[in-house]
Amino acid sequence: MLTITKYSVTARKTNSSLQVDAHTRGIHNTLDEPKANGGTNTGLNPVELELGSLGASLQETARKLSASNNLPYGFLFMQ
């Protein structure tokens with residue numbers, strides 16, 4: 001049987017320019033824009049966060065596929 005995990009993140013605007021505080025499970029992340037875009041450069045912007053999420057997902061997929069195919073795996077570098 002397939003188990004579906006429910007995820008939940010709360011994102012709230014702070015008093016600092018374009019800064020947003022995102023949190024889940026007691027973990028806080030600051031999202032922001034570079035100063036050139038009107039932010040304060042204190043965190044990843046939403047696009048950078050999404051690209052990082054994709055990278056993390058690909059790392060996990062590569063790790064699982066290498067294990068199931070008896071291939072050595074250290075890390076996957078993406079830029």
For residues 45-69, pull every pair meeting ring-ring contact (aromatic ring centres under 6.0 Å, His included), keeping only residues two or more places apart or in separate chains.
-> none
Looking at residues at least two apart in the chain, or sitting in another chain, which of them share a side chain to side chain donor-acceptor pair (under 3.5 Å) with Asn41?
-> none
Thr24 side-chain N/O to Ser8 backbone N/O, donor-acceptor pair under 3.5 Å | yes
Could you name each residue pair satisfying ring-ring contact (aromatic ring centres under 6.0 Å, His included) that touches residues 13-70, not counting sequence neighbours?
-> His23-His28
For Thr14, check side chain to side chain donor-acceptor pair (under 3.5 Å) against everything at least two apart and list the hits.
-> Gln19
Pairs flagged by ring-ring contact (aromatic ring centres under 6.0 Å, His included) wherever residues 38-71 is involved - sequence neighbours left out = none
Shortest non-hydrogen contact between Gly39 and Ser17, atoms and distance = CA-OG, 3.6 Å
So the salt bridge (Lys or Arg N to Asp or Glu O under 4.0 Å) pairs with at least one residue in residues 4-22 (sequence neighbours excluded) are Arg12-Asp21
How long is the gap from CG on Leu18 to CG on Leu31, to the nearest 0.5 Å?
-> 11.0 Å
Pairwise salt bridge (Lys or Arg N to Asp or Glu O under 4.0 Å) hits with a residue in residues 24-47, at least two apart = none
Enter the distance from Leu71:CG to Arg63:CZ here, rounded to the nearest 0.5 Å.
-> 13.5 Å
Could you list the donor-acceptor pairs under 3.5 angstrom formed by side chains in residues 46-54, with sequence neighbours left out?
| unit_1 | atom_1 | unit_2 | atom_2 | d |
| --- | --- | --- | --- | --- |
| Glu48 | OE1 | Asn45 | N | 2.7 |
| Ser53 | OG | Leu49 | O | 3.0 |

Does any pair with a residue in residues 64-77 pass side chain to side chain donor-acceptor pair (under 3.5 Å), and if so which ones, sequence neighbours excluded?
-> Gln59-Tyr73
